[in-house]
Amino acid sequence: MSLENARAIVFDLDGTLFDLTPVVLAARQRVAAFLFSNGFFSTRAYALQRINTLERKHGPYYSSSPYYFAFFDIAKAVFKDKPDQVRRFLDKQNTDPEAEPVEVLVSEMERVYNAEDVEDIRPYPDALHTLRELRHAGYKLFLVTLGRARRQRNKIDRLGIAPYFDRIINEGPPAHAYWFSELMESHNLSADQLVVVGDRTHDEIRAGNRQGLTTVWLRRGRFSRETPAVGDRPDYEIKYLAQLSTLLHLSRVGKSPDRFRIAVIGGGTGLPTVLRGLRPYTRHPTAVVAVTDTGASSGRIRWNLGVQPPGDIRNALTALADPEQISQGLFNVFQHRFPNSEQESGIFKNDHIGNFLVAALTQQLGDFHAAIKTASDMLHVQGTVFPASIDNVDICAQLTNGEHRYTEWMVRKPDKPPIERAYLVTNDALLRELNRKNSALERVIDPETGQVEIRVRQEHKVHLEQNQIRAPREARQAIADADVVVIGPGSLYTSVITNLLVPDIQGALVKRTQGKTIYVCNIVTQPGQTDNFRASDHLKAILKHLPKNQRDGVIDHMLVQDLRIFQTSKSEDWHPLLKKYKKDGKVLVECDTETLDALGPWTRADFLEEFHPDAIERGTGDFISHDPAKVADAICRIFCGLSVPDYWGLDE
């Protein structure tokens, strides 16, 4: 369903406009206290453990009330083990002697769980921003909440959201379908004019689908991990409410997902991060991918098979794979990485199956570009993936001391003078020099890392042929035609600038006459490439590698992480990793506002990924990442002329 005809939006309350988790935890604790205080459990902690265990067993939602089946199991067990204690409790409550004890105990637990006083709840950080934007844009806003009326009214009052809605329906039964129909009839709306937003695909999304409404699933909170049934699949899936406003504004300017053209230039893990985030906004993104990698698995494949590096291409392909079309088994195998242990993996240590597959297709078809197209078909890729160069090329760099470094691994290796400029050479030219008698270059295997290193022999000068390097014609055209071109994030020289060194890519970029070109700055510096770099230094390095007389206006906007979030209590989980980073020479990229102002438009906001404990165990080559949904939403908002909201909650 399309959003182009939308005139009104109906929101669910719990879990959609605010985080329900604190409310649920507090309700569980109340029930645990009730069970303990009445002698049904020996400790409050054990009672809480039983509630949590049964909730996971039965799932997070039920037909009668959120915890009916969990409470029923507890009541049945308590009555079996302590019947006299249950009867004494019932007598104190003046319960009807004919009443079923288990059901009465369940009702008491439900009453305690659904206490009318609500805890300290707040709207999601971007919720009020979104509601204001939608009202300003002229949409009618409705709120439908079908819980216990007084408790739900207390939530609405505490959240302070009532003034934003044209109508609030706070009733029990009938169900969502009835109220959606009633809203359409009373406000003279057709099905294609009403949008339903909720966090439960099995409830409000299902009801909206059955009535032919446009449905938007806020995939956030305790229902975010569920897999929707066929009839419960939404038309749009978002993570932040602000994305709804962005999608509606895009539809108003004729940029529905079928017509919104976005090209992303980059590599490494930054490129797939952006591609994953763009899913709600465009169905046909273009990825222009770096192909100069010589590290790890890609490097071994390059040196042994003579093909272009497949690793960054593989990342882009899997980011764009259609999860509803591809076999999960094939997807998992394509992404499988052998353990980084010789004992477990032998010669395949740390290698990706997907890299071998792309390399095998290249050998079979005799063409890297054709191999990518075939792999795209296998993975049901939504969009198009192009290598930045159809030639097998290597990135090299001249350092500030005049020294030259050859191949990507040597360019990004730390503990060297800063990079003065980067440039490309063909792999053939490099190999010819390596194989030449009395070559100025030598190939060495680093005993610590196992990486192939290309070093310059002492007292030798290197002269490499500068052959023409070409990009796919379709990649050039995609950049020229794009509504938005995104550059980065990612390793500044080896994932971002390396693409801009291809003359065709560079030419297509500087000659753009429409749309926006947006650079996404990294969150932390990278030893060997951006030591001591501030935000402006990243942008200056990019502009330095464009033609001197064509730099002005190439980058329309820059996105920079707001470091103030790391001073808030919500960021405490990140602090151990930041300390570890500092020891490795990685620091947060400072936002030097005055210099950035002089360079052009930019936005500082929160783009940080959600914390996961696995982040602490990341290797030295990994970095704090952007949140796909936040950064993609900000990119699309810049295109629409909308402000970027506070996704984090700094204003709180």
Side-chain angles (χ1 to χ4, degrees), residues 264-271 274 288 290 292-293 312 388 393-425 485-503 505-510 517-561 585-604 623 626:
V264 187
I265 302 173
T269 57
L271 174 72
V274 175
V288 179
T292 51
D293 191 5
D312 289 356
V393 295
D394 286 287
I395 185 172
C396 308
Q398 179 185 345
L399 310 183
T400 53
N401 67 348
E403 178 189 349
H404 286 254
R405 292 290 181 101
Y406 299 94
T407 73
E408 183 261 359
W409 172 254
M410 299 301 290
V411 169
R412 66 180 167 96
K413 197 173 181 182
D415 302 320
K416 66 178 186 297
I419 295 170
E420 178 67 30
R421 69 178 183 93
Y423 58 96
L424 297 180
V425 299
V485 171
V486 183
I487 300 174
S491 300
L492 182 60
Y493 287 94
T494 56
S495 290
V496 175
I497 290 174
T498 184
N499 302 294
L500 308 184
L501 299 174
V502 179
I505 300 297
Q506 187 180 102
L509 195 63
V510 300
T517 299
I518 299 170
Y519 169 57
V520 182
C521 187
N522 295 341
I523 298 174
V524 295
T525 61
Q526 182 172 358
Q529 297 200 52
T530 56
D531 300 87
N532 303 314
F533 267 37
R534 299 162 301 174
S536 67
D537 296 317
H538 288 74
L539 182 55
K540 287 178 181 177
I542 291 174
L543 297 175
K544 184 177 181 179
H545 287 83
L546 299 177
K548 202 167 188 178
N549 60 346
Q550 295 179 294
R551 295 172 184 171
D552 291 344
V554 173
I555 307 297
D556 297 297
H557 209 98
M558 179 177 177
L559 298 180
V560 183
Q561 173 63 37
K586 308 172 189 174
V587 297
L588 295 168
V589 175
E590 291 184 16
C591 183
D592 48 332
T593 58
E594 290 186 7
T595 309
L596 286 171
D597 286 342
L599 290 172
W602 62 283
T603 295
R604 175 174 59 184
F623 300 86
H626 293 74

Enquirer: Report the residues that fulfil side-chain contact (heavy atoms from CB on, under 4.5 Å) with Asp597, sequence neighbours left out, ordered by chain and then residue number.
Expert: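 For Asp597 the side-chain contact (heavy atoms from CB on, under 4.5 Å) partners, ignoring immediate neighbours, are Trp602.
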Enquirer: Name all residues meeting the side-chain hydrogen bond (donor to acceptor under 3.5 Å, both in side chains) criterion together with Thr494; count only those two or more places apart in sequence or in a different chain, and write none if there are none.
Expert: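 By the side-chain hydrogen bond (donor to acceptor under 3.5 Å, both in side chains) rule, Thr494 matches Gln529.
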Enquirer: Do the non-hydrogen side-chain atoms of Leu509 and Ile487 ever get within less than 4.5 Å of each other?
Expert: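 Sidechains of Ile487 and Leu509: in contact.
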Enquirer: Can you measure from CD1 (Ile419) to SG (Cys396) and round to the nearest 0.5 angstrom?
Expert: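 Going from the CD1 atom of Ile419 to the SG atom of Cys396 covers 11.0 Å.
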Enquirer: Test of understanding: with side-chain contact (heavy atoms from CB on, under 4.5 Å), list the residues that count as partners of Asn401, not counting sequence neighbours.
Expert: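 Listed in chain order: Leu399, Glu403, Pro417.
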Enquirer: With sequence neighbours excluded, what pairs up with Lys416 under the side-chain hydrogen bond (donor to acceptor under 3.5 Å, both in side chains) test?
Expert: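 Applying side-chain hydrogen bond (donor to acceptor under 3.5 Å, both in side chains) to Lys416 gives none.
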Enquirer: Is the shortest heavy-atom distance from the side chain of Thr269 to the side chain of Ser495 under 4.5 Å?
Expert: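 Thr269 does not reach Ser495 side chain to side chain.
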Enquirer: In chain order, what residues pass the salt bridge (charged side-chain N to carboxylate O under 4.0 Å, His left out) check against Glu590, with sequence neighbours excluded?
Expert: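 Not a single residue meets the salt bridge (charged side-chain N to carboxylate O under 4.0 Å, His left out) criterion with Glu590.
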Enquirer: Applying ring pair (Phe, Tyr, Trp, His ring centres under 6.0 Å), name anything that partners His626, two or more places apart in sequence or on another chain.
Expert: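 Not a single residue meets the ring pair (Phe, Tyr, Trp, His ring centres under 6.0 Å) criterion with His626.
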Enquirer: Sorted by first residue and then second, give each side-chain hydrogen bond (donor to acceptor under 3.5 Å, both in side chains) pair with at least one member in residues 547-558; sequence neighbours left out.
Expert: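 Sorted result for residues 547-558: His557-Thr603.
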Enquirer: Enumerate the salt bridge (charged side-chain N to carboxylate O under 4.0 Å, His left out) contacts for residues 527-540, please, sequence neighbours excluded, ordered by first and then second residue.
Expert: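 Listed once each, the pairs are Arg534-Asp537, Arg534-Asp592.
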Enquirer: Quick one: ring pair (Phe, Tyr, Trp, His ring centres under 6.0 Å) partners of Tyr519, sequence neighbours excluded?
Expert: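 Here no residue qualifies.
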Enquirer: Applying ring-ring contact (aromatic ring centres under 6.0 Å, His included) as the test, list every pair that has at least one member in residues 398-421; sequence neighbours left out.
Expert: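 Passing the test, one end in residues 398-421: His404-Tyr423.
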Enquirer: Taking the side chain as everything from C-beta on, heavy atoms only, tell me whether Leu492 gets closer than 4.5 Å to Gln526.
Expert: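 No; the side chains remain at least 4.5 Å from each other.
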Enquirer: Please enumerate all residues that pass side-chain hydrogen bond (donor to acceptor under 3.5 Å, both in side chains) together with Asp394, with sequence neighbours excluded.
Expert: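 Applying side-chain hydrogen bond (donor to acceptor under 3.5 Å, both in side chains) to Asp394 gives Arg302, Asn427.
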Enquirer: Check whether any side-chain heavy atom of Leu596 sits under 4.5 Å from a side-chain heavy atom of Cys591, and report yes or no.
Expert: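 Counting from C-beta outward, Leu596 and Cys591 do come under 4.5 Å.
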Enquirer: Do the non-hydrogen side-chain atoms of Ile518 and Leu559 ever get within less than 4.5 Å of each other?
Expert: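 When only atoms from C-beta onward are counted, Leu559 and Ile518 do touch, with a gap below 4.5 Å.
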Enquirer: Checking Val589 against Gln561 for the side-chain contact (heavy atoms from CB on, under 4.5 Å) test, could you report, in this order, the C-alpha distance in whole Å, the side-chain angles of both residues, the deciding distance, and whether it holds?
Expert: CA-CA 8 Å; Val589 175; Gln561 173 63 37; over 6 Å; no
Enquirer: side-chain hydrogen bond (donor to acceptor under 3.5 Å, both in side chains) with Thr292: which residues, sequence neighbours excluded?
Expert: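 If we apply the side-chain hydrogen bond (donor to acceptor under 3.5 Å, both in side chains) test to Thr292, skipping adjacent residues, the hits are Thr498.
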Enquirer: Checking His545 side chain against Ala422 main chain: does a donor-acceptor pair fall under 3.5 Å?
Expert: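 The answer is yes, because a donor-acceptor pair under 3.5 Å joins these two groups.
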